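Comments concern the structure below.
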Amino acid sequence: MTMRSLPLLFFAVAGRISLIAADLGPYNVVWNTTHSYGPDGPWNVVTVGVGSNSNNEPLSYIDLYPGGIWESMINTQAFCGGNDSVSCPAASAGLYDYEHSSTAIQNVSSSVGLIWQWNSQDALNLSGIAKDVVDTMVLSTQFGPFTITNSTISAVDVSQIELPDGTNYSIEVGTLSLGAPGNGLQPFEDLEGQTIPGQLANEDAISSNSFGLHIGSASLKQAGSLTYGGYDQSRVLGEVGAFDLGSGNEMLPSLLDIELGVENGTSPFGADVVSRLLWLNESFNGVQPAVINPIVPYLFMSPQTCAAIAQNLPVTFQPNIGLYTWNTTDPQYRSIVSSPSYLAFVFQNSGAGNLTIKVPFQLLNLTLEPPIVSSPQQYFPCRPFHANEGSGNYFLGRAFLQAAFIGINWGNHKWFMAQAPGPSVGAADTQEIGPNDTSINSDAISNFAATWSKDWTPLSQSSNSSSNNTSSNNASPKSIGTPKSNPSKGLPSNAKAGIGIGVSVGALAIAGFALFVYLRRRKIVAPIQENGRGAESTTDPNAVYEKEETRPVPEFGHDDVFESGGGVTYEADSGEPFHELETNGRL
């Protein structure tokens, strides 16, 4: 690639010469296209040089997930206790040896380092040990290597996640900080640490303390996009949501609904759109806050929401790990994960209607590996999670961000979200984020289907009917609607027998048509309550839950989706059901 002539600045940093190009514009980070990691992915990573040896070269090259605020969280040599990558998978990603780094400054803080950020401790049952360090980091960019001096690092000696059955496993890969508010400097007791976009902006290498991120899909060989000081417009499609950061500097949009749909062809779900699958927390006035957090892997949503979605899928809930595994021998599995079907998240967008992010099911066909499971298994990444135990928020992690673009302008406390493209996205189209920008540009939303077309096989009516007919003989049926009297079981068997015996062929045809119309108008209803740990797995996600109480319905607008309390109730004046969640005053 030919590079234009650039004005350069040279400055001494801890015995080495660093090179910064003045007014270059945004810095695109180079992604590692040969390695990806799990054990719940695969997930894309970037490779970063950390620390310095006696020759002022990077001491270690370490693979990291982009995500988080302030400090990069990096596993240390102590993490594996000298064990190799077979017994300690984190060793494969690289480990940080701050004790032997000539540029490391230890004891910068009397407090402990972080093992969580953006409230990830509320989603993942985390424990660990870390300390604050500042050290040199080197990033690969389109302009060549770039050195960050006194970069803020949480050096992690221990970090474990506890599964629902009480077993623990260690986190394999650390995180690369996306920046921090204001000027991006992190004050410690005797010095100030640098964040990556903060240093770039403070040295006028970029126009603002900001970033744009799309993590892409490792399983589909789509590299991610991380830009400091701007964004790649080809990763931003259609309507762009613009929001204020939350009080904890988190990305916290409000969910209105979750839907199943198909971009083109026949739907594998029996209806083009299956909506109103979201169960809301009554304390948030008809919306459900959800933290967008690239540190965590799953879609952390209420048990009710996960089960309402799962009723439409050939999946089995595994209580010991708290996740749903795909029934890969069910013909409907292949119809869903290879077709243009998607799981859509509908967000409230400030002053511009709603914002919908579609996550194709190909991206939700992920792989569990040891130590979470004994052998690889395909899974659907919805993690039943009680939002009222902690922050009150849902969490949408890397599974969601495979299909969503996010960016933050730290200087003015604004952040952005939009639909991301599929694997056939074209060349990068890098754009700046100015210091006062409150909006960004996007490409046409039609690029969504175009960039997925090579990876989708649309279903015909005949192929989908064959798949559904075969599936119904081998797995629990997935209904589109259910009777009011028993929202989890469908029509009683004696009623079916009476119909079969007592009506004529003509009456059956009329009844069948009426039932079809009825089912098309209804949504999945799955009132549930979480079961204890270690239960048997089940093909019926409702088998581990039981019905909750019904509560009165307040008056809402026609287009509002409100769920607040327990059980199945009905939206005012519409005849349509909506869900309610019990909060028990624990927010």
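Small disclaimer: the values here were computed from a predicted structure and weren't measured. What's counted below: heavy atoms across the whole structure, side chains too, no hydrogens, waters or symmetry copies.
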Legend entry - Side chain Ser36, main chain Pro42, donor-acceptor under 3.5 Å: no
Legend entry - Check: Asn28/Thr227 side-chain N/O donor and acceptor closer than 3.5 Å: yes
Legend entry - Distance, nearest 0.5 Å, that separates OG of Ser442 from CD of Gln233: 6.5 Å
Inset, instruction - Look at the aromatic rings of Phe211 and Trp410 and report parallel, tilted or perpendicular, splitting at 30° and 60°. - result: tilted
Legend entry - Trp43 versus Asp40, side-chain donor and acceptor atoms under 3.5 Å: yes
Inset, instruction - Output yes when Asp257 and Arg276 qualify as a salt bridge under the 4.0 Å nitrogen-oxygen rule, no when they do not. - result: no
Inset, instruction - Please round to the nearest 0.5 Å and tell me the distance separating atom CG of Asn409 and atom OG of Ser210. - result: 5.5 Å
Inset, instruction - Give a yes or no on whether the backbone of Ser267 and the side-chain of Ser339 come within a donor-acceptor separation of less than 3.5 Å. - result: no
Legend entry - Heavy-atom pair with the smallest gap, counting every atom of Gln332 and Pro314: OE1-CD, 3.6 Å
Inset, instruction - Using modelled atom types only, decide if a donor and an acceptor are shared between the side chain of Asn293 and the backbone of Trp118 within a distance under 3.5 Å. - result: yes
Inset, instruction - Evaluate the side-chain proximity of Ile258 to Val346: yes if any heavy-atom separation is below 4.5 Å, no if none is. - result: no
Inset, instruction - Determine whether the side chains of Gln378 and Thr367 contain a donor N or O and an acceptor N or O closer than 3.5 Å. - result: yes
Inset, instruction - Could you tell me the separation between the CD atom of Gln222 and the OG atom of Ser424, rounded to the nearest 0.5 Å? - result: 8.5 Å
Legend entry - Asn202 (side chain) donor-acceptor with Gly198 (main chain) under 3.5 angstrom: yes
Inset, instruction - Determine whether the aromatic ring centres of Tyr324 and Tyr379 lie less than 6.0 Å apart. - result: no
Legend entry - Residue that, paired with Pro66, satisfies side chain to side chain contact (heavy atoms under 4.5 Å, CB included) out of Val29, Leu213, Leu401: Leu213
Inset, instruction - May I ask you to test the Asn209-Asn183 pair for a side-chain heavy-atom distance under 4.5 Å? - result: no
Legend entry - Flag, side chain of Ser254 to backbone of Gln288, donor-acceptor distance under 3.5 Å: no
Inset, instruction - Kindly say whether Gly353 contributes a backbone atom to a donor-acceptor pair with the side chain of Glu239 at under 3.5 angstrom? - result: no
Legend entry - For the student: nearest non-hydrogen atoms of Ile115 and Ser159, plus distance: CB-OG, 4.5 Å
Inset, instruction - Let me see the working for Thr430 and Tyr231 under side-chain contact (heavy atoms from CB on, under 4.5 Å), right down to the final yes or no. - result: CA-CA 6 Å; Thr430 305; Tyr231 62 100; over 6 Å; no
Inset, instruction - Quick one: closest heavy-atom pair of Pro421 and Trp452, and the distance? - result: C-NE1, 4.1 Å
Legend entry - Stepwise side-chain contact (heavy atoms from CB on, under 4.5 Å) check, Leu255 with Val287: CA-CA 6 Å; Leu255 262 175; Val287 296; over 6 Å; no
Inset, instruction - Compare all side-chain heavy atoms of His386 with those of Ser302 and state whether any distance is below 4.5 angstrom. - result: no
Inset, instruction - Using the six-membered ring wherever Trp is involved, compare the ring planes of Phe269 and Phe361 and label them parallel, tilted or perpendicular (cut-offs 30° and 60°). - result: tilted
Inset, instruction - Measure up the Phe300 and Tyr298 rings against each other and bin them: parallel (under 30°), tilted (30 to 60°), perpendicular (over 60°). - result: tilted
Inset, instruction - Determine whether Lys414 and Phe243 make a side-chain contact, defined as any pair of heavy atoms from C-beta on separated by less than 4.5 Å. - result: no
Legend entry - Distance in Å, Thr175 OG1 paired with Trp116 CH2, rounded so as to fall on 0.5 Å steps: 13.0 Å
Legend entry - Under 3.5 Å donor-acceptor, Thr152 side chain and Trp70 backbone: yes
Legend entry - Full working for side chain to side chain donor-acceptor pair (under 3.5 Å) between Thr325 and Gln318: CA-CA 7 Å; Thr325 54; Gln318 309 289 350; 2.9 Å; yes
Inset, instruction - Please name the pair of heavy atoms, one in Asn349 and one in Ala242, separated by the smallest distance, quoted to 0.1 Å. - result: OD1-N, 3.8 Å
Inset, instruction - Nearest 0.5 Å please: distance from the CG atom of Leu459 over to the CG atom of Asn264. - result: 9.5 Å
Inset, instruction - For residues Gln419 and Lys358, determine if any side-chain heavy atom of one lies less than 4.5 Å from a side-chain heavy atom of the other. - result: yes
Inset, instruction - Could you tell me whether a side-chain N or O of Glu250 sits under 3.5 Å from a main-chain N or O of Gly248, the two making a donor and an acceptor? - result: yes
Inset, instruction - Mark yes or no for whether Asn125, through its side chain, and Leu163, through its backbone, hold a donor-acceptor pair below 3.5 Å. - result: no
Inset, instruction - Quick one: do Leu256 and Phe347 satisfy side-chain contact (heavy atoms from CB on, under 4.5 Å)? Show the steps, please. - result: CA-CA 5 Å; Leu256 295 175; Phe347 297 92; over 6 Å; no
Inset, instruction - Side-chain contact test, heavy atoms from C-beta onward, threshold under 4.5 Å: evaluate it for Ile408 versus Leu245 and give yes or no. - result: yes
Inset, instruction - Give a yes or no on whether the backbone of Met301 and the side-chain of Thr305 come within a donor-acceptor separation of less than 3.5 Å. - result: no
Legend entry - Steps toward side-chain contact (heavy atoms from CB on, under 4.5 Å) verdict (Tyr342, Leu260): CA-CA 6 Å; Tyr342 57 76; Leu260 298 170; over 6 Å; no
Inset, instruction - Would you check if Leu366 and Gln402 make a side-chain contact, meaning some heavy-atom pair closer than 4.5 Å? - result: yes
Inset, instruction - Search all heavy atoms of Gly216 against all heavy atoms of Asn44 and return the closest pair with its distance. - result: C-ND2, 3.6 Å
Inset, instruction - Look up atom OH in Tyr65 and atom CZ in Arg398, then write down how far apart they are to the nearest 0.5 Å. - result: 5.0 Å
Inset, instruction - Could you tell me which non-hydrogen atom of Pro181 sits nearest to which non-hydrogen atom of Ile69, and how far apart they are? - result: CD-CD1, 4.0 Å
Legend entry - Within-4.5 Å side-chain heavy-atom neighbours: Val359 and Leu299: no
Legend entry - Under 3.5 Å side-chain donor-acceptor pair for Thr316 and Asn327: yes
